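This report concerns only the one structure given below.
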Amino acid sequence: MTESTLANAALWSYGLAAAGFVAFAVRLALGWRSSLRAALLLAAVLATAGWAAAGFAVVYAPGAASWQASVGFDALRYAIWFLFLANVLKGVRGDQEPGRRSPRLAVALAVVGLAASVLLPETRLFAPDLAAQIPIATFGARLGLALFGLILVEQTLRRAHPQARWAIKPLVVGLGGVFAFDLFFYADAMLFGAQDVNIWVARGIANALTIPFIAVATARNTGWTIEMHMSRGVVYHSTAVLVSGVFLLLVAGAGYLVRFFGGEWGRALQIELSFAALLALVLVASSGSFRSKLRVFISKHFFSYRYDYREEWLRFTRTLSADGATGSLQERSIKALADLVESPGGVLWLRDETEHFRSTSRWNMSAVEAVEPASGLLPRFLERTGWVIDLAEYAAEGTRYPDLVLPDWLASVPAAWLVVPLLSGTELVGFVVLASPRATVDVNWEVRDLLKTASRQAASYLGQIRATEALLEARKFDAFNRMSAFVVHDLKNLVAQLSLMLKNAERHRENPEFQRDMLATVENVVQRMNHLMLQLRTGATPVEKPRLTDLEPVVRRVCAAKTGHRAPIGLELMTAIATIGHEDRLDHVIGHLVQNALDATAEKGGVTVRLGREDRVVVLEVADTGIGMTPEFVRERLFKPFETTKASGMGIGVYESAQYVASLGGQILVDSELGVGTRVRVLLPSGEAVAGPAADSKVAA
């Protein structure tokens, strides 16, 4: 074999070895484990790749530097492989004593190997101008390294537990072959005083042949891969750039051939071909189907798991919680699930109040008006199993879905592919029908598990929104019911006034003064009822803003309307007493307190109403000599709704009055004793004077 032929063979041998070990190192780095053993394995593979690349350089650019790099990397890979084997030897047996000695010995021998590399002079291999000979001692040192490597391999297999030998046997075969080959290589060199070029050329391929053995051992020992994460986004974009680059290189080559063989038309044909290729590249790069197929290809061939769960979950959560401007939550739920499996669209069915599942939203699909009862076979199957139904799989092998019969309307859904249940706990909230994906997606266990987990998250979002809507609706009804209770209470008081007027009408109907009072009472009742109707339309909040109100005429009007009750009302009113409030609401509060006092007082008793000022506070006091209340009732029940001591009472008046007075910044104080009577003091913030100088007026009505 000629020297040029040997050089070509050496280039191929060491070039393939370098490429193989680099590719193996990349595969190790894409793993998900992190440990000292993983780091040592990756370092050993990288050192071996460096040794092979240096061997390639020895042939391609022979010289002292390339040869020193080759022998230096050779010693370095020995040192790291020794450390890796020592770590494996420590782990497979579990005893600490060998684990302490072996690394020290490995390091010592590695130092010897590096020293030998420094002493190793230039060689004749592919460099005839370098005539120096290699000392026999150098061959002996390298022979010792190979022998020690074989010893480490033998000890690793011998000391391993029988159950662990299956996992490390490929490593033992591969590294044992490397050390045995080097033992033969350096033994031959010592015997003949020079390295055999043919054996040196074959050394690269020999090392490359051990890669499958080490790879199998790595697959059997998952802790040997190193935790060095490369995101799917980086791999996806890098692959896209690589594919684009290869495409452009092919186009460039084709353009060169066209130009070379095209004669006079060659230049024009080259330009046309380049323009057409550029258009094709833009079309492919903008194709959603191409991007989907590329993602699926990368996930299948570059990663042990299909999904980058962190990125997928972050994207899923962002889609669900996006601003409402990007669509309703229902539509976003469909999109979030569809993006997990490269689906271009879907339709959502949700359970309604009639226990039917109705199509409530869709994304990139036509409307489907089908209604599925909750008692149907499909909802019951989804609720019982929680399975994701692959419609193509069901059509090909329906026995995988026992007791499932699909409804007829599902066949009319265009491009229907998957049925994904939305479970909240054990209850089926709804389900999503996804359209067929842009690229072929294998619906394996990983896809199903991700869809089931994500669908539960989407179901919780949808359930939370529905619960919030139900709560808002319940609050609206609660507010309406509270307002209705207040209105009914006011109507009861108005009916009491009309009843009292009718009771006295037979006796005083000829009395002109009574007639005027009756008309005034009817007019007041009509006004109050109109106001109540306005409240029903607008809510319990007063329409008008609070304003300065003179209380003295309001108190007189209220007490005058109560004339005719069995107990007399005494008035002790200070004029020009004003507060900030609504006159009609203050009228209602005062009327309620006076009416309660009259109802609790016998005919021989009395009711006194006082109005005055204490510092900057307006004080309205209603006192009676009635039956009174216990301190426990006043403290625990009086100001709560629907609590009353009257047989015909509703328990709303005091609660409503206290709420309104509190809204004005005031409070109601109650002092009561059974059999003695009750004194109610209403404290309100004082307003500006609206009349002349204050004067006391004591009037008995």
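From a predicted model like this one, the values you see are computed outputs, not experimental measurements.
- Scanning for side-chain hydrogen bond (donor to acceptor under 3.5 Å, both in side chains) contacts around D587 gives R557, with sequence neighbours left out.
- Closest heavy-atom contact between V622 and A597: CG1-CB, 3.8 Å.
- If you take OG1 on T319 and CD on E331, they are separated by 11.5 Å, rounding to the nearest 0.5 Å.
- Note that CE of M365 is 8.5 Å distant from CG of L434, once rounded to the nearest 0.5 Å.
- Side-chain contact between V682 and L593 is present, with at least one heavy-atom pair separated by less than 4.5 Å.
- Shown here are the side-chain hydrogen bond (donor to acceptor under 3.5 Å, both in side chains) partners of D449, two or more places apart in sequence or in another chain: there are none.
- The backbone N or O of V371 lies less than 3.5 Å from no partner atom in the side chain of R358, so there is not a single donor-acceptor pair.
- For the side-chain hydrogen bond (donor to acceptor under 3.5 Å, both in side chains) test, no residue two or more places apart in sequence or in another chain qualifies with E369.
- Note that CG of L450 and CD of E312 are 6.5 Å apart. Values are rounded to the nearest 0.5 Å.
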Next on the checklist: Working note: Q330 + S333, criterion side-chain contact (heavy atoms from CB on, under 4.5 Å); need CA distance, chi angles, decisive distance, verdict.
Outcome noted: CA-CA 5 Å; Q330 296 178 0; S333 299; 5.6 Å; no

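- In this structure, T549 contributes its side chain and H582 its backbone to no donor-acceptor pair below 3.5 Å.
- Residues P685 and T579 come closest through the heavy atom pair O-OG1, 2.6 Å.
- Taking 4.5 Å as the limit, every side-chain heavy atom of V670 sits out of range of all side-chain heavy atoms of V654.
- Between atom NZ of residue K335 and atom CG of residue N364 there is a gap of 9.0 Å, rounded to the nearest 0.5 Å.
- A distance of 5.0 Å separates CG of L462 from CG of L329, quoted to the nearest 0.5 Å.
- The backbone N or O of Q457 lies less than 3.5 Å from a partner atom in the side chain of S460, making a donor-acceptor pair.
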Legend entry - Evaluation steps, side-chain hydrogen bond (donor to acceptor under 3.5 Å, both in side chains), between H592 and E656: CA-CA 10 Å; H592 172 73; E656 181 186 11; over 6 Å; no

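- In this structure the side chain of R27 never reaches within 4.5 angstrom of the side chain of T218, judged on heavy atoms.
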List the atom pairs, donor and acceptor, that lie under 3.5 Å between side-chain atoms in residues 407-430 and the rest of the protein, sequence neighbours left out.
| from | atom 1 | to | atom 2 | distance (Å) |
| --- | --- | --- | --- | --- |
| W409 | NE1 | E372 | OE1 | 2.8 |
| S412 | OG | W409 | O | 2.5 |

Side-chain donor-acceptor pairs under 3.5 Å in residues 391-400, sequence neighbours left out?
| from | atom 1 | to | atom 2 | distance (Å) |
| --- | --- | --- | --- | --- |
| E393 | OE1 | Y401 | OH | 2.4 |
| E393 | OE1 | R448 | NH2 | 3.0 |
| E393 | OE2 | R400 | NH1 | 2.7 |
| Y394 | OH | L404 | O | 3.0 |
| E397 | OE1 | R400 | NE | 3.3 |

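- With hydrogens and angles disregarded, a donor-acceptor distance shorter than 3.5 Å links the side chain of D352 to the backbone of E355.
- The ring pair (Phe, Tyr, Trp, His ring centres under 6.0 Å) analysis of residues 350-369, with sequence neighbours excluded, yields the pairs F357-F431.
- The two residues G687 and L548 make their nearest non-hydrogen contact at CA-CD1, 3.7 Å.
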